[in-house]
Amino acid sequence: MRETGRPGLRLGTWEVRLDWEANIGYWTPASSRAERRAIIDIGLTPVLRLAPGERGRFFVEAGIGAHLLSDTSPYRGRELGSAFQFGDLIGIGWRLGDRNGYEVALRIEHFSNAGIKHPNQGIEFAMLRLVRWLSAGPLA
């Protein structure tokens, strides 16, 4: 995730901020189905983050971005239809450390090609995310 460095918008006691997240991911399906395939995911997502107060450590986040996958079938019986996928996410998390330099978050993500190509079965997964910021953390 890239911190923009700009202060967020204040809504009462909450701060709202938009940051960009670039990712490279590696999926290995946990399904017991035969012929599982590892998938490489490259994505770019604008992420909207809300945190209570200027120094609040708790946050909620949501985003919708674009992803390019190395394969369209993570396991037998699941077809994503195209290598291009939209990815939406929602999550909650907590910033840690003196300068909010670390965070832990739980996210739910959904990938789908939005009907661009069929089949479009999509896929959902949960993610426990651990982050170490190189500069002072977000909303710090």
Side-chain angles (χ1 to χ4, degrees):
M1 183 178 270
R2 180 182 176 272
E3 181 184 3
T4 61
R6 295 176 295 185
L9 173 68
R10 302 292 299 179
L11 294 175
T13 61
W14 287 78
E15 185 172 5
V16 180
R17 185 176 188 135
L18 181 66
D19 289 318
W20 287 91
E21 179 175 305
N23 73 282
I24 298 175
Y26 182 80
W27 306 358
T28 340
S31 169
S32 61
R33 300 174 191 214
E35 297 182 30
R36 293 180 287 179
R37 294 182 184 99
I39 293 180
I40 296 172
D41 159 28
I42 299 172
L44 182 63
T45 305
V47 177
L48 187 66
R49 183 174 282 197
L50 291 86
E54 189 174 311
R55 293 282 192 195
R57 291 184 179 265
F58 168 77
F59 62 87
V60 294
E61 60 187 358
I64 299 175
H67 294 261
L68 188 59
L69 306 180
S70 63
D71 198 326
T72 60
S73 180
Y75 55 85
R76 185 184 306 172
R78 176 64 64 174
E79 294 295 330
L80 303 178
S82 68
F84 177 79
Q85 298 284 305
F86 293 100
D88 15 310
L89 67 91
I90 58 171
I92 59 172
W94 193 264
R95 289 184 304 279
L96 307 164
D98 293 335
R99 296 178 37 93
N100 291 335
Y102 300 89
E103 67 186 41
V104 60
L106 178 62
R107 283 185 174 176
I108 305 295
E109 296 201 31
H110 169 79
F111 279 44
S112 166
N113 69 27
I116 293 171
K117 187 173 179 186
H118 292 283
N120 179 30
Q121 293 179 327
I123 194 165
E124 295 82 28
F125 51 93
M127 175 190 314
L128 178 62
R129 192 166 176 263
L130 305 171
V131 175
R132 162 73 168 76
W133 289 83
L134 298 178
S135 63
L139 305 176

Report yes or no: does Arg132 contribute a side-chain atom to a donor-acceptor pair with the main-chain N or O of Glu103 at less than 3.5 Å?
no

Quick check against the 3.5 Å criterion: does Glu61 have a side-chain atom that pairs as donor or acceptor with the backbone of Leu48?
no

Treating Ile, Leu, Val, Met, Phe, Trp and Tyr as nodes and any side-chain heavy-atom pair under 4.5 angstrom as an edge, say whether [X] and [Y] lie in one connected cluster.
{"X": "Val47", "Y": "Ile64", "answer": "no"}
{"X": "Trp94", "Y": "Tyr102", "answer": "yes"}
{"X": "Phe58", "Y": "Leu128", "answer": "yes"}
{"X": "Ile92", "Y": "Leu130", "answer": "yes"}

For the [atom1] atom of [X] and the [atom2] atom of [Y], what is their distance to the nearest 0.5 Å?
{"X": "Lys117", "Y": "Gln85", "atom1": "NZ", "atom2": "CD", "answer": "11.0 Å"}
{"X": "Ile90", "Y": "Glu109", "atom1": "CD1", "atom2": "CD", "answer": "10.0 Å"}
{"X": "Asp41", "Y": "Asp71", "atom1": "CG", "atom2": "CG", "answer": "12.5 Å"}
{"X": "Phe59", "Y": "Leu50", "atom1": "CZ", "atom2": "CG", "answer": "11.0 Å"}

Within a radius of less than 6.0 Å around CD1 of Ile116, do more than 12 heavy atoms belonging to other residues, nucleotides or ligands occur?
yes

Residue list, side chain to side chain donor-acceptor pair (under 3.5 Å) with Ser82, at least two apart or on another chain:
Asn113

If the condition is side chain to side chain donor-acceptor pair (under 3.5 Å), which residues does Thr72 pass it with, not counting sequence neighbours?
none

Linking Ile, Leu, Val, Met, Phe, Trp and Tyr through side-chain heavy atoms less than 4.5 Å apart, which residues share a cluster with Met127?
Trp27, Ile39, Leu69, Leu80, Phe111, Ile123, Phe125

Evaluate His67 against Asn23 for side chain to side chain contact (heavy atoms under 4.5 Å, CB included), listing each step before the verdict.
CA-CA 9 Å; His67 294 261; Asn23 73 282; 3.6 Å; yes

Nearest atoms (heavy-atom pairs only) where Glu79 meets Ser73
OE2-OG, 3.0 Å

Heavy atoms only: give me the nearest Ala38-Ser70 pair and the separation to one decimal.
O-OG, 4.3 Å

Under 4.0 Å between a Lys/Arg side-chain N and an Asp/Glu carboxylate O for Glu21 and Arg129?
yes

